[in-house]
Amino acid sequence: MFASYPGRSLKITMLIQWPIYNQTGGAERIACEFANELIHQGHEVTILSGDKESGRPFYSLDEQVKLIHFGDIPIHWFQRKILRSIFTWSSNIKVKKFLKRLILLDFKAYQLREKIDI
């Protein structure tokens, strides 16, 4: 499943943007199983979660896996719906969708920077 390096421990960080807490879907199960397997092989694993909720995942997760939750950072003033619509105004729908996604990604990066030292 994952290339093993004899005698060498890796620091692995998984960034998960979709909801993981109290979710019972396949992607959540795979993420937890993958993290557990990496821990079993002797690697350090950190999961960064952008989920709005906090807690523990539904599926069992090894206690050695570090969970860092950054989805609880408050919404910045320019991220509010009315201002976002003003900042992304365009007559072209594709451009408007692109600009909204860009602002959302910028905000998620801001949340992540606030939670961890980069």
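We use all heavy atoms of the structure for the numbers below, so side chains are in, but hydrogens, waters and symmetry mates are not. Note that the numbering runs from 1 along the sequence shown for the chain.
Expressed to the nearest 0.5 Å, how far CD1 of Ile16 lies from CD1 of Ile68 amounts to 12.0 Å. Separating the NZ atom in Lys94 from the CG atom in Leu99 is a distance of 14.5 Å, to the nearest 0.5 Å. Separating the CD1 atom in Ile12 from the CD atom in Glu44 is a distance of 9.5 Å, to the nearest 0.5 Å. Interatomic distance, Ile93 CD1 to Lys96 NZ, rounded to the nearest 0.5 Å: 8.5 Å.
Gly42 approaches Ser9 most closely through the heavy-atom pair O-OG, 2.9 Å. Nearest heavy-atom pair across Asn36 and Asp62 is OD1-N, 2.7 Å. Closest heavy-atom contact between His43 and Arg8: CE1-O, 3.8 Å.
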task = Walk me through it: do Tyr59 and Glu33 pass the test side chain to side chain contact (heavy atoms under 4.5 Å, CB included)?
result = CA-CA 8 Å; Tyr59 296 100; Glu33 287 180 4; over 6 Å; no
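Shown here are the side-chain contact (heavy atoms from CB on, under 4.5 Å) partners of Thr13, two or more places apart in sequence or in another chain: Thr46, Leu48.
Connection of Ile30 to Leu61 is not established within any shared hydrophobic cluster, with ILVMFWY side chains joined at heavy-atom distances below 4.5 Å, either directly or through further cluster members. Using a 4.5 Å cut-off between side-chain heavy atoms of Ile, Leu, Val, Met, Phe, Trp and Tyr, with links allowed through other members, Phe34 and Leu67 fall into the same hydrophobic cluster.
Using a 4.5 Å cut-off on side-chain heavy atoms (C-beta onward), Val65 and Cys32 make no contact.
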